[in-house]
Amino acid sequence: MEVLSLQILLLLFFLSLYFYLYAFSSKKKPASKGFKAYPIVGALPEFVRNRHRFLEWTTEILSHCPANTAVFHRPGKVHGIITASPLNVEHILKTNFENYPKGDRFINLLEDFLGRGIFNSDGELWRVQRKTASYEFNTKSLRNFVMDNVEVEISTRLVPVLAKASKTKQVLDLQDILERFAFDNICKVAFNVDPDCLGGDGTSGGEFMRAFEDSATLSSGRFMCIYPIFWKINKYFNVGTEKRLRESIKIVHEFADEMIRSRMEQKTKNNDEDLLSRFIGKEENSTEFLRDIVISFILAGRDTTSSALSWFFWLMSVNPDVERKILKELETIRSSNGKNLGDTYSFEELRDMQYLQAAISETMRLYPPVPVDTKACKSDDVLPDGTFVGKNWFVTYQTYAMGRMESIWGKNCREFVPERWLENGIYRQESPFKFPVFNAGPRMCLGKDMAYIQMKSIAASVIERFEIAVQNKEQCPEHLLSLTLRMKGGLQVKVSIEVNCTGSLSLVRRTH
Ligand code: HEM
């Protein structure tokens, strides 16, 4: 017995020594090539140590790998790769699209929140939703409807809320305001329902907003769980974060159910065609499925543009020269079209805002609203850079890291330079594989054009009317890794009125 204990002690001693030497020797290497994989436990210790800074950690790793691609070993059968290579991204999202579905693992993690909505489905279920939604998104009437809605939301809700805050000198969470704006907008555009979340003092619908945020953050927290069994046990016993998740999802579901019920009633009264009515019109769609569709579109429409604009306003506060150039561009557009400050911009005028478009794209290059996207590999494959990917491995492309790769954007990749998007002053599209902020290939974002209309309208109306003083602007806001890249604690700002919409005295000061 004593001999056995001694043997176990010796074994433990040598194992500890081995891990210590292994870790120590790899610390001395100047740059890590890929994830450090320990015997038996794989990359898990590193993952545990760095998961609170997952995006930065993986960016560091990928930037040191020759093809910006790293293999991730986990104990048991889970292996995967993380890539920031445009060639690999093209292969995964387009060339070999059928081999890289979302997969069961991903779908199970998000199913309680998103059900089998468009973001969380594969195969025929995805195809049907994509087809129906594409039809709706391709119409010119949608573009006009978006333009009208955005204009009304800006002039009757956003501007009054900011103007009021400027009078009271109150500190505002701009991220929250932008989320409310985007939420009202997507509900009107997609479901023909106005929740008026930004109406009044801009705080209505607070319970739903909180529940939606918690549902997204806690669901994405499951991705960071070392073993899925952990969250599954918590879910089974309804404890911890899983208890909170269940409560939040219940609130979100009730809201969506109520919206569908009221839309179904309306349907009998008028025959307005919107996205939801296209789905309601199909008898085979159950109310649960309609709910999944509603929640997915709220997520798509609410959390993406608001994330991009929050980072945009913070970047403006630390890059006043860029803001001045945008103001100058707006002034030129107004004067050549005989417009006053405060007048609404037409679709053509928004299209002419080339520098603003560049500044918004540059924001999303550094702070992509959807920072990571994961697929599953259906059968063994080899990526264009020679990396082997096994069946059932996860395959993640890291958009956040891609915006910070010297190999893609050059030496100044970490600097905020809108000019990199311009050729002779005209905005130049980038390859979606180099800049997969809106995804690429058959699952490319359907709301890209709508998103730019909304973001440009808001950015232009706000910066030409108000001075936005971001609190503690020198410190880069911390991000919260949810399904989208939100700012932890929001974006606290003080607003002051820059111009009174009839004159441009202050504007002259700011543009020179
Ligand atoms: C800055 C704004 C936006 C960004 C960066 C963005 C980005 C993305 C990304 C990365 C995906 C792929 C997600 C995945 O596969 O899991 C996606 C898909 C999608 N987006 Fe957007 N999006 C934006 C705005 C919008 C808006 C306003 C809508 C309108 C409702 C929208 C509708 C969709 C839809 C329906 C899909 C699903 C496409 C599919 O799976 O077939 N997006 N978007």
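For ligands, and for the atoms within them, numbers begin at 1 and follow the listed sequence. Since this is a predicted model, take the numbers as computed values, not measurements.
- Distance check, rounded to the nearest 0.5 Å: CG of L276 to CZ of F297 gives 10.0 Å.
- Below the 2.8 Å limit, atom 21 (Fe) of ligand 1 has as protein N, O or S neighbours C445 SG.
- With 3.5 Å as the limit, one finds no donor-acceptor pair spanning the side chains of S307 and T484.
- Across the listed options Q129, M364, K131, M364 owns the non-hydrogen atom lying nearest to atom 1 (C) of ligand 1.
- Considering backbone and side-chain N/O atoms, R443 comes within less than 3.5 Å of an N/O atom of ligand 1.
- Annotation: atom 14 (C) of ligand 1 to nearest protein heavy atom, K102 NZ, 3.0 Å.
- Ligand 1 has F137 within reach: a non-hydrogen atom of the residue lies less than 4.0 Å from it.
- Listed by first then second residue, pairs satisfying salt bridge (charged side-chain N to carboxylate O under 4.0 Å, His left out) with a partner in residues 116-125 read E111-R116, D122-R443, E124-R127, not counting sequence neighbours.
- The heavy-atom pair separating T241 from L218 by the smallest distance is O-CD1, 3.9 Å.
- Close approach of ligand 1 to W126 (heavy-atom distance below 4.0 Å) involves ligand atoms 39 (C), 40 (O), 41 (O).
- Counting only heavy atoms of the protein, atom 35 (C) of ligand 1 lies nearest to F297 CE2, 3.6 Å.
- Nearest protein heavy-atom contact of atom 7 (C) of ligand 1 is V437 O, 3.3 Å.
- At least one cation-pi condition fails for R302 and F212: the charged atom is not both under 6.0 angstrom from the six-membered ring centre and inside a 45 degree cone around its axis.
- In plain terms, the two heavy atoms of L114 and S296 that are nearest each other are O-OG, 4.2 Å.
- Between F54 and I82 the shortest heavy-atom distance is CZ-CD1, 4.3 Å.
- The distance from the CG atom of D257 to the CG atom of L290 is 9.5 Å, given to the nearest 0.5 Å.
- Residue-ligand proximity, I186 to ligand 1, at heavy-atom distances under 4.0 Å covers atoms 29 (C), 30 (C).
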With a cut-off of 3.5 Å and sequence neighbours excluded, list every side-chain donor-acceptor pair involving residues 183-190.
| from | atom 1 | to | atom 2 | distance (Å) |
| --- | --- | --- | --- | --- |
| D184 | OD1 | D196 | N | 3.3 |
| D184 | OD1 | C197 | N | 2.7 |
| D184 | OD2 | R157 | NH1 | 3.2 |
| D184 | OD2 | C197 | N | 3.2 |
| D184 | OD2 | L198 | N | 3.0 |
| N185 | ND2 | Q454 | OE1 | 2.7 |
| K188 | NZ | E153 | OE1 | 3.1 |

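- Here T399 has no heavy atoms under 4.0 Å from ligand 1, in either its backbone or its side chain.
- Annotation for ligand 1: atoms under 4.0 Å from non-hydrogen atoms of M455 are 1 (C).
- In this structure, atom 37 (C) of ligand 1 lies nearest to the protein heavy atom F119 CE2, 3.9 Å.
- Judged purely by distance below 3.5 Å, without hydrogens or angles, the side chains of T69 and D385 pair a donor atom with an acceptor atom.
- If you number the atoms of ligand 1 from 1 as listed, the ones under 4.0 Å from a heavy atom of D373 come out as 14 (C), 15 (O), 16 (O).
- A distance-only check finds a donor-acceptor pair linking the side chain of W314 to the backbone of K473 [under 3.5 Å].
- When each atom of ligand 1 is checked for a heavy atom of P369 under 4.0 Å away, the hits are 5 (C).
- Applying the salt bridge (charged side-chain N to carboxylate O under 4.0 Å, His left out) rule to pairs touching residues 305-319 yields nothing, sequence neighbours excluded.
- Ranking protein heavy atoms by distance to atom 38 (C) of ligand 1, first place goes to R130 NH1, 3.2 Å.
- Using a 30° and 60° split on the angle between ring planes, W409 and F435 fall in the perpendicular class, above 60°.
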